[in-house]
Amino acid sequence: MSTLSLTSAWSITASANPPRAGYVDHPLGHTAGRPEDPVGQCIIIRDALGLFDSITESGAIVPIQSDWGTPWRDEARALMDHRTPRHDDPQYQTDADRDAAVQRHGEQLACAVCAPADVPAD
Amino acid sequence: MPSTPPADLDVVDYIAQTRDSYAALGYDAYRWADNPDPVPLTPLAKPLAESRVVLIASGGVYRSGQVGFTHKDDLSHREIPSDTPTEDLRVTHFAYDQTNARKDPNVVFPLAAMRAMVDEGRIGSLASHALTFMGGIYSQRRLSETLIPALRSRVEAMGADLALLVPV
């Protein structure tokens, strides 16, 4: 299957060496664009899709034009360790999400794959 | 030969940063995936405009109502219908600042942009579901033996022609 990986971490992607990659020069956590910027997000994805055709050599990482807009590198380089504790029970963005999951799956929350049947009906 | 960044691009070297960070914390050195030999490039089987694309992202995205991810080598994945509204998407992850991802999950999970690409005719269609998981899985063996086969099975079942992978 043809694949393309987006990345904002050039060295990590170069080490993993996927066949095609598009580099987005953003701080981590924004590989696909700036928040609440649907136009900019579409520009990135449109350009990224073009790499399926234009990359002809495996291992290529091609920059995708996207300006973050404000300086960010000093802060990115200064971060030493911003990881949070590695809880081994499910974690949620909100308490309401936890309540909804418990309501659907029970207190055990044993869900190896939350499949289509497991999502709320619209 | 893996790519090197253009000279005028000031990329942040996160491997070096993590190495230094771990050393300062007294941890053993983190072992990054290191694949010096290139994977054969698979050409497109059909034009993009006729292709079915699956979005696969590692940013810890789930849909409200689904079980969240644990933050410790969680090898499960979530299957998110491709028509899911952005407001139903949530994010949980231990290793990156989620402030903006929680404001707009499309920054790590560009489902809305992918739908726009279908509307534009840039791609043929989206697979019925996008697949998500939580990265930061420290065992490459368990990743290869458990999570990757599960994802591959679902991708094949959905008849996707190509995959867009979005790590964080």
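Numbers restart at 1 for each chain; the letters A, B, ... are given by sequence-line order, proteins then strands. In this text the structure is predicted, and so the values were computed from the model without any measurement.
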Within the side chain of [X], is there an N or O that forms a donor-acceptor pair under 3.5 Å with the backbone of [Y]?
X	Y	value
A:Asp97	B:Ser64	no
A:Ser15	B:Ala33	yes
A:Asn17	B:Asn35	yes
A:Ser58	B:Val39	yes
B:Tyr96	A:Gly29	no
A:Ser2	B:Thr42	yes

[atom1]-[atom2] distance between [X] and [Y], expressed to the nearest 0.5 angstrom:
X	Y	atom1	atom2	result
A:Thr3	B:Ile56	OG1	CD1	9.0 Å
B:Asp13	A:Ile12	CG	CD1	8.5 Å
B:Ser3	A:Tyr23	OG	OH	13.0 Å
A:Ser11	B:Arg19	OG	CZ	9.5 Å
B:Asn106	A:Ile44	CG	CD1	11.5 Å
B:Ile123	A:Leu49	CD1	CG	6.0 Å

Atom group of [X] that falls short of 4.5 Å from chain A, counting heavy atoms:
X	result
B:Asp34	both
B:Ala16	neither
B:Arg102	both
B:Thr70	both
B:Phe69	backbone
B:Pro105	neither

Side chains of [X] and [Y]: does their closest heavy-atom pair fall under 4.5 Å?
X	Y	value
B:Leu162	A:Leu4	no
A:Arg86	B:Asp73	yes
B:Glu120	A:Arg46	yes
A:Pro63	B:Leu9	yes

Would you find more than 12 non-hydrogen atoms of other residues, nucleotides or ligands less than 6.0 Å from [X] atom [atom1]?
X	atom1	value
B:Glu87	CD	yes
B:Asp28	CG	no
B:Arg152	CZ	no

* Portion of A:Asp99 that has a non-hydrogen atom of chain B nearer than 4.5 angstrom ->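 Looking at A:Asp99, nothing touches chain B.
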
* To do: Sort A:Ser5 into side chain, backbone, both or neither according to what part of it lies under 4.5 angstrom from a heavy atom of chain B.
  =>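 Answer is both: backbone and side chain atoms of A:Ser5 are under 4.5 Å from chain B.
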
Identify the two heavy atoms, one from [X] and one from [Y], that lie closest to each other, and give their separation to 0.1 Å.
X	Y	answer
A:Arg20	B:Leu44	NH2-N, 4.4 Å
A:Ala76	B:Tyr14	CB-OH, 3.8 Å
A:Trp10	B:Pro6	CH2-CD, 3.7 Å
B:Gln66	A:Ala101	O-CB, 3.6 Å

* To do: Examine B:Leu111 and A:Ile43 and state if one hydrophobic cluster contains both, with Ile, Leu, Val, Met, Phe, Trp and Tyr joined whenever side-chain heavy atoms are less than 4.5 Å apart.
  => no

* When only pairs under 4.5 Å are counted, which of B:Val168, B:Asp161, B:Val108 shares the most heavy-atom pairs with chain A? ->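 Winner by heavy-atom pair count: B:Asp161.
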
* Could you check which of B:Thr86, B:Val166, B:Val91 has the highest count of heavy-atom pairs closer than 4.5 Å to chain A? => B:Val91

* Could you go through the side chain to side chain contact (heavy atoms under 4.5 Å, CB included) check for A:Gln41 and B:Asp104 one step at a time? => CA-CA 11 Å; A:Gln41 292 167 6; B:Asp104 179 5; 2.8 Å; yes

* In terms of side-chain geometry, is the basic nitrogen of B:Asp10 or A:Arg77 positioned less than 4.0 Å from the acidic oxygen of its partner? ->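 A:Arg77 and B:Asp10: salt-bridged.
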
* Closest-packed option against chain B by number of heavy-atom pairs under 4.5 Å, given A:Ile55, A:Asp88, A:Thr7, A:Val39 ->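 Going by pairs under 4.5 Å, I would pick A:Asp88.
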
* Assess whether side chain to side chain contact (heavy atoms under 4.5 Å, CB included) is satisfied between B:Tyr62 and A:Gln93, documenting all intermediate values. => CA-CA 9 Å; B:Tyr62 64 98; A:Gln93 181 171 326; 3.6 Å; yes

